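Atoms considered below: every heavy atom in the structure, side chains included; atoms not considered: hydrogens, waters and symmetry mates. From a predicted model like this one, the values you see are computed outputs, not experimental measurements.
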Amino acid sequence: MNEDEEWIKRAHEAFVAAEAERRRAIEHGLRMHTVKQSRISEITGLSRETLRVWRNAAGIPPDERY
């Protein structure tokens with residue numbers, strides 16, 4: 001394997017790890033109702049619909065305050 005291929009592999013592994021951490025952080029904020037779904041959407045650039053789908057898939061009920 002050449003140097004560039006190794007670099008790409010390391011970068012991809014870092015990307016996958018960061019994406020998993022982002023998803024855990026988003027799900028935690030949704031689960032604990034500490035961050036509004038609309039604010040998470042603003043911060044991450046994900047659509048509110050995507051966040052709704054993720055929330056439902058994780059079994060997180062909607063925040064009843066809204």
Side-chain angles (χ1 to χ4, degrees):
M1 246 183 277
N2 66 33
E3 206 173 294
D4 287 340
E5 188 174 339
E6 285 296 323
W7 184 17
I8 291 167
K9 282 185 173 186
R10 285 192 314 271
H12 180 69
E13 289 169 2
F15 172 79
V16 169
E19 185 64 27
E21 176 70 11
R22 179 177 87 150
R23 181 127 186 185
R24 284 191 304 272
I26 289 169
E27 287 182 2
H28 186 267
L30 290 171
R31 183 171 280 111
M32 304 310 290
H33 302 294
T34 54
V35 183
K36 289 182 181 181
Q37 196 167 309
S38 60
R39 182 64 182 136
I40 294 172
S41 179
E42 290 173 13
I43 293 168
T44 63
L46 295 170
S47 72
R48 288 182 295 173
E49 178 63 15
T50 297
L51 294 175
R52 187 187 68 74
V53 170
W54 283 12
R55 181 178 48 74
N56 288 338
I60 302 168
D63 191 342
E64 296 298 328
R65 296 176 292 177
Y66 302 103

Distance, nearest 0.5 Å, that separates [atom1] of [X] from [atom2] of [Y]:
| X | Y | atom1 | atom2 | answer |
| --- | --- | --- | --- | --- |
| E3 | I8 | CD | CD1 | 11.5 Å |
| L30 | L51 | CG | CG | 6.0 Å |
| R23 | T44 | CZ | OG1 | 11.5 Å |

> Any salt bridge between E13 and K9, counting N to O under 4.0 Å?
Replying inline: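 So E13 does not pair with K9 through a salt bridge.
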> Hey, is R24 close enough to E27 for a salt bridge, meaning N to O under 4.0 Å?
Replying inline: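 Salt bridge between R24 and E27, a charged N being under 4.0 Å from a carboxylate O: no.
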> If you look only at pairs with a residue in residues 45-58, which of them pass as a side-chain hydrogen bond (donor to acceptor under 3.5 Å, both in side chains), with sequence neighbours excluded?
Replying inline: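 Matches after skipping sequence neighbours: Q37-R55, S47-T50, E49-R52.
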>> Tell me every residue that passes side-chain contact (heavy atoms from CB on, under 4.5 Å) with T34, counting only those two or more places apart in sequence or in another chain.
In response: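 Per chain and number, T34 pairs via side-chain contact (heavy atoms from CB on, under 4.5 Å) with M32.
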> Who passes salt bridge (Lys or Arg N to Asp or Glu O under 4.0 Å) against R31, sequence neighbours left out?
Replying inline: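 Salt bridge (Lys or Arg N to Asp or Glu O under 4.0 Å) check on R31 returns nothing, list empty.
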